[in-house]
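Order of listing sets the numbers, starting from 1, for every ligand and every atom in it.
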Amino acid sequence: MSNHNALVRIAVPVPLADAFDYLAPANAPLPAPGCRVRVPFGRGERLGVVLEHPATTEVPAARLKRIGSVLDPHPAIGAELLASLRWAADYYHHPVGAVLSHALPGLLREGRPIDEPPEAAWQLSALGRAQDIAQLPRSARQQTRTLHALRDGALRASELKALEIGPATLERLAAKGWIEPAATPDRAREADTVNAPPTARPELTADQTAVLAEFAATQAARKAFRAYLLHGVTGSGKTEIYLRLIAGELAAGRQTLLLVPEIGLTPQLVRRLRDRFGEELAVLHSAVTERERFAAWRRAYRCEARLVVGTRSAVFAPLPSAGLIIVDEEHDASYKQQTGFRYSARDLAVVRAQRLNVPIVLGSATPSLETFNNAVQGRYVKLSLPRRIGSAGVPQVRVVDLNRHASRQALSTPLIAAITDHLAAGNQVLLFLNRRGFAPALFCPECKAIEQCRRCDAHMTVHLKSAAVRCHHCGAERALDWTCRTCGGQRIAVGAGTQRVGDELAALFPQARIARLDRDSTSRKGSLAAVLHDVEAGSVEILIGTQMLTKGHDFPRVTLVGVLNADQGLFGTDPRSHERLAQTILQVAGRAGRAERPGEVVIQTHYPEHPLLKCLLESDYTTFATLALAERRDAHWPPFAHLAVWHAEATQRDVALAFLERVRGAATAEPTPVTVLGPAALAMERKDGRYRAQLLFRSAERAQLHRLVQRTLLAVRDLPDARRARWSLDIDPLEV
Ligand code: ADP
Ligand code: ZN
């Protein structure tokens, strides 16, 4: 049959657009959804992805253009991923072409061929194995033969064809759920003969055994969607649980996707995975080259890699024979993309698990309140690891009241004493300060002026080693000049950042080897790995660092953790600031006293009586989360409400605000049950030369929120000043 007049709907990555209709290619088969095609667009040509084959189009026949060429004989984006991405385009109100293009590796976006995927192969599912073949009706002879043939393991399509088993039979059996796609048959056979998971490393603890048993009981050996929260304190053996679950999937011939916040910060995890699973591993993250990324993508696409590990964007990995998804440190903010297509990889992972009909495990010592609430409500199954591995136990936590103790560059007398003790015992010390640079301000005592960024409403940070002042918001840099520009006075550096604390430590502990872990100290390639290696190897005794310290490191010799300033975040206006602070404190505290050495945590604050700190000291994260959820409920914040934020920025003051005022007007032109808050200038209004403002939509009902966003978007695109203000929309924002 000729497809000559068949219509093809194609997603093309252009702003503010949906999809475009084209005529099928003249002398080629109709491209399936998910295939890349080249199409004439404007005066040039674009690469797009086939979405569907519509029956009709609004484009007049005379203006319909024909697809230029088809790049993929088989879909580059499989059916499930295509459906998930289209869902995401709707949900995040982002153009579908941009979303699909975002999901492909750069080389595929440029039109590189994927090469022929390996031949399809089939195997019996658990359900298929449970069928009693003798009981099947005579009329289902072909199906019976197929089940027989697959008894001994997976077969390729060509092998099945040789047995005169055709695609129609296979489709019918797949629809019943009796057979499923297999990885390359040889491997599947190998895996089948290994009944137990590959060499079990450490003997599981009773808690770990219980967690795995509960998982197995809930899944009942069925490959079906279910979400789990694995809530385990730091060092409780969560990673070991992941490893066991992955081994189980490998043995069954299925793929696992493991998302992690930042690979560079956790080389130990990748090492552990490679040790145990070797060749099965494909690593996808932003630091690899385009070629490497494409190679890893292709190994996942062809099921050659059955363990796909990666950061945020790995949530778009092809998973043709998925069995499991794991999101490690699911509370981590890096899962949310903060520019352009502002998706949450954690949330999309849940959506994919649903469509793939596989279980998903969200693991954390400090779960996000969203996930915690899902477990409380029974939507997610909660699995707990309440104890640490080994005899270390919970670290001793002590609060140092900064109002009552002297301190030298953010180091109080009691903390200095504790450092002395722990060093004397031959242990390591970890100090957390979320402020890099030498000092956060350059101040003139004569005229009281503080050095400001010219493009931001922010102070310049002093970087002594590079003799510069820098803005941490826009990156502006100037030479450090101690003489005040206004009055000629002698200026001083006020406050302490990680550099200055490092210098002070060197003066206090001249014998100790000290290292710094922040963006400045690790900007050179390889320097991050070097610092982590030195700490692991024990050649560093004191490590001072920023947020980078909180990411799941396992340093066995750290016995003292100091939080130099717990006050950053205690009084934040953002509804999530307490949650973030609690997570940060518990995550750094969790680095103390792993293995067999007991740990101690010292928290410095000016507000020792603050309820949040008291709660963290006197109880655990579950208590904190329960209280915090009650507050969120009262205040109508997530997860008890859904948010969308409109951001706008402009080089002239008030343009952004005026624009958002009009957005508000459009939103409230008709009555709506959604609360519209603002617009308001951001706390730091000017950044990188632009004045910024935001408008917030809040709704108890997600559907109502999305209806209002949709309606407002249509109106906003026609606003005359939509081009003067740069604007964007953030669904489920992390910060408001
Ligand atoms: P988490 O991911 O919860 O922080 P890990 O899985 O990294 O915890 O485990 C913490 C430490 O305990 C690691 O060094 C790990 O090798 C070790 N470990 C994990 N499970 C066991 C076990 N069953 N027996 C002995 N050691 C274990
Ligand atoms: Zn700046």
| message | Using heavy-atom distances only, which candidate in E203, R591, R272, E329 approaches atom 15 (C) of ligand 1 most closely? | response | R272
| note | Closest heavy-atom approach to atom 3 (O) of ligand 1 among K238, E240, Q208 is made by K238
| query | Would you call E370-R576 a salt bridge at under 4.0 Å N-O? | reply | yes
| Near G237, which atoms of ligand 1 are under 4.0 Å from a heavy atom of that residue? | 1 (P), 3 (O), 5 (P), 6 (O), 8 (O), 9 (O)
| query | Between H647 and S728, is any side-chain donor less than 3.5 angstrom from a side-chain acceptor? | reply | no
| query | According to the interplanar angle, ranging from 0 to 90°, do the rings of Y228 and F215 count as parallel (below 30°), tilted (30 to 60°) or perpendicular (above 60°)? | reply | tilted
| D574/R580 salt bridge by N-O under 4.0 Å criterion | yes
| task | Output the list of atoms in ligand 1 that are nearer than 4.0 Å to some heavy atom of L204, sorted by atom number. | result | 23 (N)
| Any side-chain donor paired with an acceptor under 3.5 Å for E330 and S364? | no
| remark: Output for pair (L549 CG, I544 CD1), nearest 0.5 Å, gives 8.0 Å
| task | Have a look at I241, T205, I389 and point out the one with the heavy atom closest to atom 12 (O) of ligand 1. | result | I389
| said: Just to check, does G235 reach to within less than 4.0 Å of ligand 1 when the distance is taken from its heavy atoms? | reply: yes
| Roughly how far apart are H231 NE2 and H331 NE2, rounded to 0.5 Å? | 10.5 Å
| request: Run through the protein N/O/S atoms less than 2.8 Å from the Zn ion (ligand 2) and write them out by chain and number. | output: C453 SG, C456 SG, C471 SG, C474 SG
| field | Note, L273 side chain near V309 side chain (heavy atom, < 4.5 Å) | value | yes
| query | Relative to the heavy atoms of P202, which atoms of ligand 1 are at a distance of less than 4.0 Å? | reply | 21 (C), 22 (C), 24 (N), 25 (C)
| H459 ring center within less than 6.0 Å of H472 ring center | no
